[in-house]
There are 2 protein chains.
Amino acid sequence: MIPQWIIEKKRDGQGLTGDEIREFVEGYTRGDIPDYQMAAFAMAVFFRGMSEDETAILTDAMMRSGDILDTSAIPLPKVDKHSTGGVGDKISLPLAPLLAACGVAVPMISGRGLGITGGTLDKLESIPGFNVRLPEEQFLAVLRDVGCAMSGQTARLAPADRKLYALRDVTATVPSVPLIVSSILSKKLAEGVDHLVLDVKCGRGAFMKTPESARELAGALVRTARAMGKSVRALVTDMNQPLGRAAGNALEIVESVEVLLGRGPADVELLTLTLGAELLQMAGVAASPAEAVDRLREAIRSGAAMAKFRAMVRAQGGDAEALDDFNRLPAASIQAPLAAPTTGWIGGVDAERVGRACVVLGAGRTRTEDRVDPAVGVSGLAKIGERVEKGRILAVVHANDEGRLAEAKRLLSGAFIFSDRPVEPPALIIERIA
Amino acid sequence: MIPQWIIEKKRDGQGLTGDEIREFVEGYTRGDIPDYQMAAFAMAVFFRGMSEDETAILTDAMMRSGDILDTSAIPLPKVDKHSTGGVGDKISLPLAPLLAACGVAVPMISGRGLGITGGTLDKLESIPGFNVRLPEEQFLAVLRDVGCAMSGQTARLAPADRKLYALRDVTATVPSVPLIVSSILSKKLAEGVDHLVLDVKCGRGAFMKTPESARELAGALVRTARAMGKSVRALVTDMNQPLGRAAGNALEIVESVEVLLGRGPADVELLTLTLGAELLQMAGVAASPAEAVDRLREAIRSGAAMAKFRAMVRAQGGDAEALDDFNRLPAASIQAPLAAPTTGWIGGVDAERVGRACVVLGAGRTRTEDRVDPAVGVSGLAKIGERVEKGRILAVVHANDEGRLAEAKRLLSGAFIFSDRPVEPPALIIERIA
């Protein structure tokens with residue numbers, strides 16, 4: 001099969017056969033098909049799209065380009081959650097131990113942050129000693145012993161996606177639904193999970209800016225997974241304002257612990273419980289939404305979920321005492337309040353600007369090779385609908401550099417919109433696709 | 001400037017600035033922009049096209065990516081002709097010496113054949129000793145001494161085009177008008193010519209299959225050259241049947257000599273004179289079409305054109321006596337006639353099938369690294385409108401291998417369409433764009 005003929009077929013809007021897609025992915029993984037042919041193919045897919053069948057075959061081929069984690073020795077339903085990423089989205093951190101406390105296993109392969117989007121691995125690494133580079137055997141051992149494990153993508157997991165993901169970034173072929181779908185699902189399904197729930201973020205702080213585009217992606221994700229015979233559901237959720245009150249690596253560890261202690265921000269708790277309830281029902285552990293939420297709440301109340309988090313941190317080499325004594329987490333040298341310029345109701349908190357302020361502070365990276373500062377970020381963020389008096393605190397900026405602090409405060413000041421009348425908070429959960 | 005941002009702009013249908021196009025081409029030429037980014041860019045151009053301004057800037061940047069031949073020491077108008085390629089198209093061979101005999105200089109950089117399209121360099125190399133790899137100084141010396149020189153593209157001439165041309169071939173980005181235009185014109189205008197005439201082939205044996213697509217390309221070529229301030233005209237000409245009666249390297253040298261001796265096939269002579277007359281008028285050497293054709297005919301009648309061909313072959317190391325004694329040219333071991341299966345008028349000669357028969361015989365190549373056999377091909381081809389009696393010769397197949405001969409005869413048999421009524425030969429010149 002000649003690679004340029006396959007590119008040409010896609011370019012001209014003809015459907016590709018399963019063999020053509022598989023040979024293209026396999027050739028690319030082996031290195032027989034060079035980056036320049038994959039780049040032309042990806043751009044042709046950007047313009048022509050892919051049918052559901054093509055997307056499912058592409059995803060399957062990328063999933064099979066490396067190892068598929070063998071979790072069969074663990075006699076529990078295996079579940080996972082994936083988010084398309086946003087500002088302050090730390091849901092994975094409380095959710096994994098919470099689910100483990102409810103009798104399902106969570107083999108969670110996560111990523112790093114890029115741009116305004118935070119990454120679970122970066123957040124976990126703010127816990128002193130926490131190792132996010134577990135070899136496969138150790139990952140499986142933590143999963144078996146604790147019930148949840150969180151680590152980065154190994155070289156052997158979906159290598160076609162690793163290569164293609166990096167290539168798309170530099171060839172302007174990121175925003176293509178079939179390529180996004182195959183990237184997300186190939187990695188997640190290579191984890192060997194039985195049930196997967198997807199959180200498709202939507203709004204100013206997300207990759208998908210409009211509900212329509214987020215719904216399109218969520219629908220394509222669910223349909224593709226179905227076509228592959230997988231059990232998958234998706235939620236479209238709001239990302240116009242940041243999730244929770246904190247954004248930044250160590251600061252989000254603190255907020256995650258607060259959720260597991262039952263005193264987290266309402267939106268983070270709601271989304272954690274909603275996503276968790278979907279998975280408990282999919283796994284057959286709970287028969288109804290109410291029963292699922294009850295089980296999750298009980299795991300928080302009893303301390304079982306927090307115990308799982310401590311156990312996972314310990315098993316992955318981290319300082320579990322830092323979860324109880326936040327002084328053991330990295331702290332910024334400057335904590336500067338941002339004061340409200342007026343009295344009123346918060347009408348908007350621009351998640352993109354908050355995210356950019358975090359990048360400026362050093363909490364995020366602009367290039368994959370950048371290092372992040374675990375201590376910096378923002379906390380105590382006011383939320384839409386809250387009333388704030390002039391001079392009171394809208395947010396606390398954690399910085400390690402006066403210049404960056406000033407730039408971050410400038411960005412943050414522009415993030416808050418005030419209203420002189422009460423404002424209804426936006427719906428967090430926009431749509432459920434099951 | 002970030003290369004992926006330029007790709008993204010083109011992907012999203014936004015116009016590119018001159019600086020963006022120039023930096024992209026310069027970065028690619030230097031190797032700072034890798035093939036995979038250029039491949040994605042080329043595919044985005046395939047889908048989005050380019051404005052006339054963008055195409056002119058791209059062409060200019062590619063032309064300036066290397067040396068521009070300095071022909072200023074030669075005190076004559078410098079002219080050239082380019083064809084988009086077809087089966088039996090040997091017009092360059094008689095045209096260059098014919099023009100040189102009429103007082104203009106022809107610095108002709110030519111290419112090799114690929115697929116069914118023959119290449120001028122391959123044909124010239126069938127003359128024993130002929131050197132098509134002249135260094136720049138020697139090329140200029142032959143041009144000065146003879147009035148015409150024919151050689152291959154040096155590494156220093158339009159290197160961006162060399163790289164991009166090879167890349168497009170393997171990334172399914174060949175059929176894009178702005179990319180074709182910039183490839184053709186960047187090379188030809190780097191020759192330092194004052195006037196250029198383009199022969200855009202159209203039909204079954206050409207890259208452009210329909211008059212509409214050929215007209216579109218011809219129009220884009222002329223408009224782009226105009227936007228660059230260059231003197232360029234174009235003809236759209238028929239390539240449904242092969243040009244002339246011979247296809248194959250040495251066989252086309254023979255036919256070219258016959259044109260210069262005034263006894264060539266009518267269609268080859270007509271096109272040679274028409275293209276030559278355009279250039280003589282553009283160069284100010286002739287005031288009218290009639291005067292131009294008279295000068296060209298006189299150069300043939302007087303032997304001046306043939307003398308120029310001999311002189312050029314000698315100057316480029318070739319055996320000039322082979323032009324007078326065809327026994328000195330490579331000859332195939334088998335000459336097999338193809339007999340007419342019926343009596344009638346020739347209604348069609350499928351140039352594509354004739355071209356494929358030549359490739360099968362070894363006259364053409366399927367990959368750029370293949371070698372060609374100078375001796376093989378077809379001669380004595382019947383032309384549309386001619387009456388042929390059953391059993392008489394439709395073509396003579398020149399082969400060096402019995403298996404290839406059989407396959408070529410099979411292909412050729414299917415190339416001829418018979419009519420039981422007289423058939424009008426098709427118009428050779430479909431349109432003139434001046």
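Residue numbers begin at 1 in each chain, while the letters A, B, ... track the order of the sequences. Both backbone and side-chain heavy atoms feed into the values below; hydrogens, waters and symmetry mates do not.
Classification of K201(B) and D199(B) as a salt-bridged pair holds, one side-chain N sitting under 4.0 Å from a carboxylate O. Taking a cutoff of 4.0 Å between a charged side-chain nitrogen and a carboxylate oxygen, D122(B) and R365(B) qualify as a salt bridge. Using a 4.0 Å cut-off between charged side-chain N and carboxylate O, E20(B) and K10(B) make no salt bridge.
If you look at F47(A) and F47(B), their ring centroids are closer than 6.0 Å.
Heavy-atom distances place no part of I6(A) under 4.5 Å from chain B, backbone and side chain included. For F46(A), the part lying near chain B is the side chain, with the backbone staying farther off; criterion is any non-hydrogen pair under 4.5 Å. Only the backbone of D169(A) has a heavy atom closer than 4.5 Å to any heavy atom of chain B.
The closest donor-acceptor contact from the side chain of K188(A) to the backbone of I109(A) lies under 3.5 Å.
Between chain B and the options T173(A), T171(A), V174(A), the largest number of non-hydrogen pairs under 4.5 Å is found for T171(A). Ranked by heavy-atom pairs shorter than 4.5 Å toward chain A, the options A42(B), P175(B), A172(B), P34(B) are led by A172(B). In terms of heavy-atom pairs under 4.5 Å with chain A, the best-connected choice from E8(B), Q37(B), M43(B), R11(B) is R11(B). Between chain B and the residues V170(A), D35(A), I2(A), the largest count of heavy-atom pairs under 4.5 Å involves V170(A).
Closest approach of M50(A) to F41(A), counting heavy atoms only: CE-CZ, 3.9 Å.
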